[in-house]
Structure formats: C-alpha cells, structure tokens
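Below is one structure; the comments refer to it alone.
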Amino acid sequence: MTARTYDFKSIESKWQAVWQQRNTFRALDPGDPGFDGSKKKFYVLDMFPYPSGAGLHVGHPLGYIATDIVARYRRMQGYNVLHPMGFDAFGLPAEQYAIEHGVHPREATATNIANMRRQLKALGLSYDWDRELSTTEVDYYRWTQWIFLQLYNSYVDPRDQKAHPVAELEQRLRSGELGLDAEGQPVAAAEAATRFAELAERDQRAAIDGQRLAYLAEVAVNWCPALGTVLANEEVTDEGRSERGNHPVFRRPLKQWMLRITSYAERLLADLATVDWPESVRALQTNWIGRSEGALCDFEVVGGQDKIRVYTTRPDTLFGATYMVLAPEHPLVKVLTTAEQKTDVEAYCLAASRRSEVDRQAETKSKTGVFSGAYAINPVNAERIPVWIADYVLMGYGTGAIMAVPAHDQRDFEFAKQFELPVRVVVEPTKAWLEEQFAGQTDGRTRYLADPKQLDQAFAGQGCAVNSANPEVSLDGLETSEAKRTITAWLAEKGLGRAKVNYKLRDWLFSRQRYWGEPFPILHHAAGYTLGVSDQDLPVLLPEMSDFSPTTTDNPEPTLSRAAESWREVTVDGVVYQRELNTMPQWAGSCWYYLRFIDPKNRERFVDRQKERYWMGANGIDLYVGGVEHANLHLLYARFWHKVLYDLGHVSTAEPFGRLFNQGYILADYYEDARGVRVPADEVQYDSAGGELIAAYEVSKAEPGGKFLYQGQEVFRKSGKMGKSLKNVVNPDDLYQSHGCDTLRLYEMYMGPVETSKPWNTRDIVGVHRFLLRVWRNFFDIDSGELLVSDEAPSDELTRALHKTIKRVTDDMDRMRFNTAIAALIELNNQLVSVDRVPRSVADAFVLMLAPIAPHICEELWQALGHNQSLACEPWPSYDEALLADAMINIVVQIKGKTRGNVSVPAEATEEEIRQIALADEKINKHVEGKTIRKVIYVPGRLINIVAT
RNA sequence: GCGAAAGUGGCGGAAUUGGUAGACGCGCAGGAUUCAGGUUCCUGUGGGCGCAAGCCUGUGGGGGUUCGACUCCCCCCUUUCGCACCA
C-alpha cells in the first residue's frame, strides 16, 4: 500500500476523460438503439452563453452547476435526461470583438467558443456534447431562416387568434369570402368597402403583405451611428444610449423588418398563467405587455374632413376633455396646423425630433407644447376644443393623439396649468382624497370645485361622474366602471367610437445593418415587392467579406450592401431580384435553439416531430435556468416564435419553458480610487494601521485606520455584480488549479440559495475544500492508502443518521436548495469521523448523494468501493420512514410560551406522561410552583407548553 | 410615481404547515500536534449581567393576533431590481 492523498487534479482530469470516452452523458432519443420509452423524460436547459473573448468568470457557472446537479440527480432517479449546451454566437458582441482584434468574426467566434467549451468541460458539467450547436453554423441558421419564412408566410386570423398560412388568406380574399375595409384590413365580404379582385396587383400584394407576421414598415427607429445599426427599443437605455457600448442613439425613420408580436399580446399574457415561473418574471412580462382596456373615440376637426382618433382608458371623463394633443410625429400635424401657427409648429416639431431622449428626460419637470391653431369638436357635448402639439404624447402608443382631461389626469393637468387651459371636474373626488389634499379641512370639496387648479394634483381615481350629461346620455351619479360602460356603448351606437384593448408591447424591430447575423431569406423585386426564398434554396449563406466593419455614419447602410454583386443579385425564373441586405438581430438564434438541441443534426427538418413530442412532453422544458435580465426580451421573443410554430403545427406545446428558474448574481467587492476609477480588485492590498500588507480579499471588515491600497494609492471598497466593468472578476481556471472543480462546484452551491445574489469570498472556499479532504480521510488512510470501509452493518444510531440525511438531501434536491443539502452531507460526514471504518452501506449512499454536486471525487470513491460502473445512472438512495424515528425524543418544555428546558422521553410517550416528566424536572417546576396550571398545549413529538399563572 | 423582491451574529447563510432562532461553513478565541509556518484534532463563539447555576434580551422600527411570531395582520423605514409622460 502506498500513500493516497486527495489528488484532485488527477482525479478530475481522469474522470472527465472517462466520461468523454464512454459518452456517459449521451441522451438517447426515441428511435435510438437502447432507448427506453418507459422512462420519464427530463429536459433541463441553461440559457446558452455568448462566447465572449473574456471567457467565463466564476459568476457565469452558477446556473450551469445548478442545472448539472439537477441533471445528474434526475439521471440517478431514472429519468431520461436531455441536458445540452451550445453558443449564441451571432450578434454585436462577437462582431465588436472581431473588429477590435482585427480578425474575421467567424475566426473570433471559433476561438472564443473553443475557450469557453474548455472552461465548461473543466467544470465537469454533464452535457451531451454531441448536441453542441452554435447559432452561427450554416446548418443552424438555415433553419432560423426557415422559421423566419414561416412568419413571413403567416398571418393571424382574428377568428381564432392563431397563425395561418398567408395562402389561406389569399384564397379567401380571391374567392370573395373576404373583402377589405376602409383601412385595408380584411373583413367579411358583407362589411367590406372594397373587393379584393378589383384591386390592382400591386394593391393586392400590399393588402396581403400588410397581414404577414413579418413585414416591412417605415418606422421611427433607434439609429446608433457608433454601432452602425438600429436597435430595438429594448436595447436602448433610459438615457437614450445603446445598452451595448453606451453610445448615443437617435430616432430616425427607416424602412425595417418588423415582427408582429403584438398579434400575440393577448395569448402571451394569458398563457403566463399556465407556466411555472417566478412570480417576479411573470409580473415583469405582464408589465411589459401592458394590457389596458379603454375606448377609441373620433373627434371631428372644425372646418375639415379629418377626424382625430384617440385612445383613452377613461372614456367616462369624455365630458371633461377641454383640449386635445397630437404627438409631434402625428400625420395630422401637417394637415391641421393653421397658417399663422405654421412657423411655431414646424419649429417645435423639428426641435422635438432632434431632442434626444436624454433631453426629454432632463425636462420632465415642465411640459412643452404648441397650439396648432385648429379646433376639434368634443362628440359628447359639441364643444369646440383646441388642438395642441406636445411631445408628452407618444406616437408609438395608442393612436398618437389624446383627448386631454386635465381634471383627471396628472400630465394633462400639468400641461393645462402651464398653458392656462380650462380644467373641468367631471368625477367627484373621494372624501379621503379631498381630506389629504386640503390637510383635513372640511371645506375642501367646495374649495376644490371652485378652483381645481389651486392644487398640485389631479384627481385620477375612481368616483361618481358629475357634469357629464347631454340630451341623449347621462353619466351623472354613475361609478367610474359603470360610466365607462355606458359612454362606450353610446359611442358605439352613434358610430363615434368603440371599446378597445391596447398594449404597451410594440411590434418587434427585426433588422440590423450589421454583418454578423443571419441573412434574411428575402428577395426584393424592382417593382417594390418582396418574395420569400423558397425552402429548397435555403440556406442563404452569409457572404464572405474582408471588410465587415459597420458604416458609422448618419446614413444607415447595411454592411451587406458592400457584398459582391454576385451575392446581392439573384435570378429566379428569369427575373432579377436584389437580396435583402439587413441581417437578423442577436435574438433570432436564441428564439428556438432549445428545439434544435432535440435533434441537432437533422437535415430534413428543424426538429423531428417524434423527438420533439417526446422531449418537449406536456410542459415543454422541465427546467430552464438563466438570469432574470432576459425576462422581457429573450423569453418573450422565444415564446412568440414558439406559439407561431405551435399554431402552424410544427411543435406540440403552446409554451416552450414549462418551468423557469432565475439564478442570482455573484457579487464581489470592487475598488475605486479617489477619482472614481476602478482598479483591478485582485491587486488591491490592505494596510491595517501599522500592520503588514495583506491581500484585500483576506479582509472581511476594515478596522478604523485600515486602508486599501493599489500601487500605493488609497482606494475604496464597494460591492457590485461581478464583471469585467467593475474589474472584480475571479477566473475559475485559477481555482481548478488551487482547489479543483469539485471544490468550486461545492462552494458555489454552498454560498446560498441559487436564486439569490450573494457575494463571492475567495477566503471561504477553504471550508468546503476541507470538507472534501475530510471525506477523503474518512474513506482512506492517507499514509497507507488503505480503504477504511467495513462490511459490518452500521449501528442503529448511524443508520438513523443516514436515513435522516437521505431524506433531507432528497428534499433539498427536489427544492433545488443545494446549500442545505451540502450542510446535511457535512453533518453526516462529521459523524463518520468518529467511526473507525465506515460501513459499506453508509459509504455507498453517502457517495451517491454527494455525486451530483462533486462528481469527480465521488466517481473515484465509487470505484474504490469496488464498483466498476460509473455512478452516473446508479439509483438515488432511498430512505426508510421507519428508520427515521428515534427511540427517545426531545420535547421542548415551555412555560407560558417561554422555553424553560427540554426533556428526553420515549417516542411513544403520551401527553400526560410528558407533562409528568416535565413537571418532575426541578428547573422547570420552579417556574410553575405556586401557580395554577390553566392550560397545556402539546405539539406531538415537539413541544409542550404549560400555561400557569 | 407604478410593479416586484428582500432586511436574521463580525461574514455567507439555516429555521416544510406559527413550535428550542442562529443548522452548516468562514472568521475569531483558547488548547493539543508540529522546530516553525501550514495542515489536522478538541473546545468555545448573538448581545448584556453573573464566579457559577442561571437570568434578561435579541430576527430593520412600531403596533396587533396567539399559549407561542423570523414566520400571520396593519403602519413605517431601508435596500435592490424592473418599468416609467403608455393617455
């Protein structure tokens, strides 16, 4: 026998090699030899990463380790586990990196992927690497293009709110079943203003194109000259800068591809109730979708043909509308403005268009606007009210025009005060509100009604309508909800308006002017119409270009416009077309990767139907783990695509992610110098007054007089999310070297619950490392290398401890509370220290329980215990309820609710017996002496509370 | 402003349905082993009073419900995150 220490480096590389050679974690699909269809499936997925040049820091793998533990645990429970990994490699970060380093994005991406794959493999994650994919592979983006074509070739039928092939729509229009209404929307022939067949071909095309889920539109976009591309609203910060790179962003009109996600707003909202997601994410999406119920109402313009259509959630306040406002970009602005106001209005609109979002933000205090010179007629009381132009009304929401009810809307109220417009109260404020406004004085109502402008607040709450009647309809005395119904019905009856549900969610701006993305499978005809590339002509390859850097000018121009003409021009059936030159945004590839993992090599379909049905099962992905930052973008976009695919019959579930779980962030100290410049955290030292310099991470709390120093200069400690920008990253590669990846895995899980954010403390790692060392010493005599395991049966006490641990760990695994699972294993292990030789049954179970969390050391121990198969699919230990019970139990004794001690009693003792024993205890009895026992509360097996006074 | 989550020792965090607050780990203190450092092992460790037995106090603050509250209810404070002129 030779010495045998815990040599984690060789153990870890040995087992990683074994898993790879034996293909231990390969998931079998339906149809594969050896596939067992009787096993339940479990699809556990990480949000796949961007392969950034910086590689992983210890904050990234938190979620990966958690899902790996779940995957390993489920395998041991006999599930067929699908646990894949891939890379989201198209998009701005990859391209920026490539430009900065002067290499082609394809090369940069390949290098970065290789590095990240190495780092992931070094963590011992049990992915089925045969399924690895990258969104940039031709074989992958071919299907991204195919799905885009599904969107392009689909429309939503209002009857069932589902996607159908555009061909169906065309057929129904051609047959005369449908016609077009005044706005060009398809309607039943009976209600139609125009028959489709009567239209010119070009208008027919326009009518159909206007219904597609992917369509071209001239929209005000967020143009970022520095990045040379447009950005989705979601990619622009509050300050009007790009989320990536923090460059200025400007609004300008541009023809772009849009995806009609708004058609799915209602289902995206409603189906949130069907998924097992964190409440916070559901709230976030609900908020983002922003459903509101209200009414559309038309206001005639005095002396013109035009009508101003407004959307309001408070139609009950229509009688209080004293002016109207159009957004500066509203098409009627040019039409309505009178000659004498023209100069002012044009100046205002120009200024508004030039103002960046930053300026708008800075001026929230005062509202700006200009009178158009025009008047409109309030349809409920025929009153002439002025039409103003102001940028507090947004073109992108509702109709871009509002009726202003200054008495009952804070924004209108502020505007009315500023421009001295009338304020008319049409909803009786509540008593509570009046009291608050008038500081409890009793004459508040009278004073308010005399002059509502004296206050700083408008009454925007619900109440009884007043001053709201015309000869045909009266709202007076009605509660807000009733008043809304009444007036909406009246408007509908008179043809002046109708009820309308509105959403904050906008259609998804889907094109980018950059190089590194999926080319659109779209061709443009010189006559101005578009054509989808046919399936057999896919993929549309991204052309090779030597200069792929963006054009950073004010004039948006896609990089692909500089591609070779041979790529840009395509001849189909003898007709020459130009290729679409935009590329798809980052999010495209991540919208469906979870489906491709199911069948990554399929050349016939994006995913095999049978495999899709098996792995997506009833609830889709069984566990999807990632950061909460994707709540509104990726998760909404992917749900949208999935629903379209579902409607078209390509996938079997209505929702892709049955259960979502958000991991927290890893926080870490960072350091700033006096000017606020961040310095590398790992080079900061601590100078305890008078003492020697030590590494800053060794210091949990700075003493008075202690200083943090960087290159001799004092710096200041702060805490934030670990990341490049705070210069406080900890590289996992260093930790594999010093402690091993089992220790890293254990530490990250032991820090706290996976879902909470928690600070990294390199200092604490030693704790879990000691645990593994102690485990090792419990199994081996370090000096002789002898295995310290016996074939004897464990003592009753140890058996009980084992079964309790199995129960605790199993429960914790189910709840994903790995921190407490580890604590339970540490406790059991500490108990084993005092056992000379660990009974084999205890040793086996212990190793199996620790295996999902620290798989390498456990495989090594498992082998040492004489098993020649990997433990990856060994059955998870089970516990015997009967063995959990102690013969003697501890009962807490309380007197009047205060704990005064505890007594040990036989497990089967009755309440009366326990009471006798408790009162016989001198320490307890002294609190009862001389008092009358009023009441005794007994919680079986736990506690007895004697109430004595 | 709206929405969501969270406040427990020096630190990370425990505490299934209300039932011994502080499991487990770090750190710290004392001791043993060691030439020494490290490692390992043992003991202690919320605060206050006390030689001790013990007593008091304690989960952001203030009320309440209860035999009993970190846990339930009301009010307030703080922090973090998301949205934000969305009519």
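Each chain gets a letter, A, B and so on, in the order the sequences are listed, and its residues count up from 1.
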All N/O pairs under 3.5 Å across the protein-nucleotides 22-25 of chain B interface:
residue: A23(B); atom: O2'; partner: E827(A); partner atom: OE2; Å: 3.2
residue: C24(B); atom: O2'; partner: Y750(A); partner atom: OH; Å: 2.4
residue: C24(B); atom: O2; partner: Y750(A); partner atom: OH; Å: 2.6
residue: G25(B); atom: OP1; partner: N830(A); partner atom: ND2; Å: 3.2
residue: G25(B); atom: O4'; partner: Y750(A); partner atom: OH; Å: 2.7

Whether each nucleotide of nucleotides 65-75 of chain B has a protein heavy atom under 4.0 Å at its base (B), only at its sugar-phosphate (S) or at neither (-) is summarised, 5' to 3', as --BS-------
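Ring planes of F415(A) and Y323(A): parallel class, angle under 30° (limits at 30 and 60°).
Residues passing the side-chain contact (heavy atoms from CB on, under 4.5 Å) test with T286(A) are L269(A), L272(A), sequence neighbours excluded. Evaluation of the salt bridge (Lys or Arg N to Asp or Glu O under 4.0 Å) rule for R774(A) yields no partner, not counting sequence neighbours. Looking at residues two or more places apart in sequence or on another chain, you find no side chain to side chain donor-acceptor pair (under 3.5 Å) involving Q831(A). Partners of K896(A) by salt bridge (Lys or Arg N to Asp or Glu O under 4.0 Å), not counting sequence neighbours: none found. Among residues two or more places apart in sequence or in another chain, the side chain to side chain donor-acceptor pair (under 3.5 Å) test is passed with R777(A) by none. Listed by chain and number, the residues in a side chain to side chain donor-acceptor pair (under 3.5 Å) with T313(A) amount to none (sequence neighbours excluded). Residues meeting the side chain to side chain donor-acceptor pair (under 3.5 Å) test with Y397(A), sequence neighbours left out: S292(A). Under the ring pair (Phe, Tyr, Trp, His ring centres under 6.0 Å) criterion, Y665(A) pairs with no residue, sequence neighbours left out. Looking at residues two or more places apart in sequence or on another chain, you find no salt bridge (Lys or Arg N to Asp or Glu O under 4.0 Å) involving D836(A).
Atoms NZ (K484(A)) and C1' (A87(B)) sit 12 Å apart, rounded to a whole Å.
Distances shown here put every side-chain N or O of Y311(A) at or beyond 4.0 Å from the OP1 or OP2 atom of A87(B).
Considering only side-chain atoms of V939(A), the nucleotide from G19(B), G82(B), C83(B) that sits closest is G19(B).
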Pairs under 3.5 Å (Watson-Crick or G-U), crossing ones as [ ], inter-strand ones as |: RNA chain B comes out as (((((((..(((......[....)))((((((.......))))))((((....))))..(((((..]....))))))))))))....
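Residue R777(A) is in sugar-phosphate contact alone, with no base atom involved, counting any heavy-atom pair closer than 4.0 Å across all strands shown.
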